[in-house]
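One structure is given here, and the rest of the page talks about it.
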Number of protein chains: 2
Amino acid sequence: MITPQVLTMTLQQAGMRITPQRVAICKLLAESEEHPTAARIFEQVKVLFPSISLATIYNTLETLVNLGVVNVLGHAGDDQVHYDAEVDPHVNLACIACHRIVDLPSEHVTHLDHEITAASGYKLLGARVLYYGLCPACQAAGSPSHPLRKSQTGIQ
Amino acid sequence: MITPQVLTMTLQQAGMRITPQRVAICKLLAESEEHPTAARIFEQVKVLFPSISLATIYNTLETLVNLGVVNVLGHAGDDQVHYDAEVDPHVNLACIACHRIVDLPSEHVTHLDHEITAASGYKLLGARVLYYGLCPACQAAGSPSHPLRKSQTGIQ
DNA sequence: TAATTATTTATAATAATTCTAAATAAAGAA
DNA sequence: TTCTTTATTTAGAATTATTATAAATAATTA
Ligand SMILES: [Mn+2]
Ligand SMILES: [Mn+2]
Ligand SMILES: [Zn+2]
Ligand SMILES: [Zn+2]
């Protein structure tokens, strides 16, 4: 569990200003369990800052990703990029029916960073460990409740 | 190393017709080492089938992904989705400077499938194990040779 | 305070992907 | 083979997430 302060202090140490908008985005990222998309962050921060722009969301996310404190999980069958402020090694599990992403602790992933660095010589900046499939609920339900575009029926 | 036959037979067993276009796409996917994008597959298959349409590429990829014989790796800093016909567990390593993705065998990832299935109850359909950073060559070079859009400077 | 610089906002532009409908090809029956 | 049916391909239009731009605003420093 990361704290909002870690994110805002990372921005500050990178020479960036601590604005109310950035604080709100960092707070939401750190406290969310849902691996939010830019659009989701936008609609939630908009409650507190009705004038906020999507560009601010994207800019802040890009900065945090480049600073290595946020990971990019990619699409989860919904045409939108999901982000994860938990950068400690863990497995992300996406359901391609309900598009939810949950965390799963794993003994094995915790070893991957070292294994990869040692074997490859890469300078690692982030990770994307996402497994996709059907969650127990959606396996039982058969199909999701609300209609989907074709593009939302699988994973990209 | 997967064979083109595995892919085409999977399509056949799913009740789909084996067309020359699909064979060409499967062959390219199976024999490529580069984790190609839809656009890359398009330009390569176009040499043999000058009339092929991008829609055919996307349709075939979607089918293969849904059948579980192709994995979706997502973006690698180039705004395009990369695919992987090697679905056996391994680590994909992307360089955010030169946008190449290489495979890395890993003892630890081979255990992840079982661990996840047992712990979560999900029905797994695919995986996206992608680590990103700077490859040894790009670490040495400092910066890539050709100019990039802002959106191509990081990973999404 | 004013001057400077960074940031935010609104909006336009871009481009990857998806959708649509007509043309074509494959499969099966006779 | 020819006819019929159905699946697939194709070309192009539509969609939409993301990025770029430029003016307005806010933070910083002197
Ligand atoms: Mn997570
Ligand atoms: Mn691979
Ligand atoms: Zn589900
Ligand atoms: Zn490189």
Side-chain angles (χ1 to χ4, degrees), chain A residues 8 11-26 36-43 45-46 48-66 70 72-83 99 147-156, chain B residues 8 11-26 36-43 45-46 48-66 70 72-83 99 147-156:
Chain A
T8 52
L11 291 176
Q12 194 165 40
Q13 281 164 20
M16 310 191 71
R17 293 178 183 168
I18 304 303
T19 66
Q21 292 92 335
R22 285 175 177 164
V23 170
I25 294 169
C26 289
T37 63
R40 187 90 181 100
I41 296 172
F42 179 62
E43 72 183 9
V45 175
K46 214 176 170 57
L48 292 169
F49 291 86
S51 73
I52 200 165
S53 164
L54 251 181
T56 301
I57 310 288
Y58 279 109
N59 289 338
T60 305
L61 283 171
E62 189 196 14
T63 303
L64 291 169
V65 169
N66 288 337
V70 164
V72 184
L73 297 184
H75 297 174
D78 53 1
D79 286 327
Q80 285 174 267
V81 175
H82 290 252
Y83 295 86
H99 301 157
L148 299 171
R149 295 169 55 204
K150 180 188 171 199
S151 66
Q152 297 180 322
T153 56
I155 197 143
Q156 287 177 303
Chain B
T8 53
L11 290 175
Q12 194 165 41
Q13 282 165 18
M16 309 191 75
R17 293 178 184 168
I18 305 301
T19 66
Q21 291 91 337
R22 283 175 179 165
V23 171
I25 293 169
C26 288
T37 63
R40 186 93 182 99
I41 296 170
F42 180 62
E43 72 182 10
V45 175
K46 212 176 172 56
L48 291 170
F49 290 87
S51 72
I52 201 167
S53 164
L54 251 180
T56 301
I57 311 287
Y58 279 109
N59 288 339
T60 306
L61 283 170
E62 189 195 15
T63 303
L64 291 168
V65 169
N66 288 337
V70 165
V72 184
L73 297 184
H75 297 176
D78 53 1
D79 284 327
Q80 284 175 267
V81 174
H82 290 251
Y83 295 87
H99 300 158
L148 298 171
R149 295 170 55 206
K150 180 187 171 196
S151 66
Q152 296 179 323
T153 55
I155 201 146
Q156 286 176 306

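Order of the sequence lines fixes the chain letters, A, B, ..., with proteins taken first and strands second; residue numbering starts at 1 for each chain.
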Take the protein atom CD of A:Glu43 and the nucleotide atom C1' of D:dA17, then report the distance between them rounded to whole Å.
15 Å
Atom pair distance, as rounded to whole Å: CD1 in B:Ile41 and C1' in C:dT17:
14 Å
Between A:Gln21 and B:Thr19, which residue's closest nucleotide on DNA chain C lies nearer the 5′ terminus?
A:Gln21
Return the polar atom pairs (N/O with N/O) between nucleotides 4-7 of chain D and the protein under 3.5 Å, or none.
| unit_1 | atom_1 | unit_2 | atom_2 | d |
| --- | --- | --- | --- | --- |
| D:dA7 | O4' | B:Arg17 | NH1 | 3.1 |
| D:dA7 | O4' | B:Arg17 | NH2 | 3.1 |

Is the shortest heavy-atom distance from the side chain of A:Glu62 to the side chain of A:Asn66 under 4.5 Å?
yes
B:Asn59 CG to C:dT18 P, straight-line distance once rounded to whole Å:
9 Å
For the student: nearest non-hydrogen atoms of B:Ile57 and B:Ala38, plus distance
CG2-O, 3.7 Å
Whichever of A:Leu54 and B:Lys46 has the more 5' nearest nucleotide on DNA chain D, that residue is B:Lys46
Length of the line joining A:Tyr58:OH and C:dT11:P, which is rounded to integer Å:
17 Å
When you get a sec, tell me which of D:dT19, C:dT17, D:dA20 is the closest nucleotide to the side chain of A:Ala55?
D:dA20
One should read off an interatomic distance between B:Ser53 OG and B:Lys46 NZ, to the nearest 0.5 angstrom, of 8.0 Å
Where is the tightest heavy-atom contact between A:Ala39 and A:Gln80, given as atom of each residue plus distance?
CB-NE2, 3.0 Å
Minimal heavy-atom distance between A:Phe42 and A:Leu54, with the atoms involved, is CE1-N, 3.5 Å
Between B:Ala39 and A:Thr60, which has a closest nucleotide on DNA chain C that is more 5'?
A:Thr60
side-chain N/O A:Ser53 vs C:dT8 OP1/OP2, d < 4.0 Å
no
Closest non-hydrogen contact found for A:Thr60 with A:Thr56 is OG1-O, 2.8 Å
May I have the distance from A:Ile57 (atom CD1) to D:dT19 (atom C1'), rounded to whole angstrom?
15 Å
Rounded distance (Å) that lies between atom C1' of C:dT17 and atom CD of B:Gln80:
11 Å
Under 3.5 Å: donor-acceptor pair, side chain of B:His75, backbone of A:Gly74
no
Length of the line joining B:Asp79:CG and C:dT17:C1', which is rounded to integer Å
12 Å
If I take atom CG in residue A:Leu64 and atom P in nucleotide C:dT7, what distance separates them, rounded to the nearest angstrom?
13 Å
Over all strands shown, is A:Thr56 touching base, sugar-phosphate only, or nothing at heavy-atom distances under 4.0 angstrom?
base
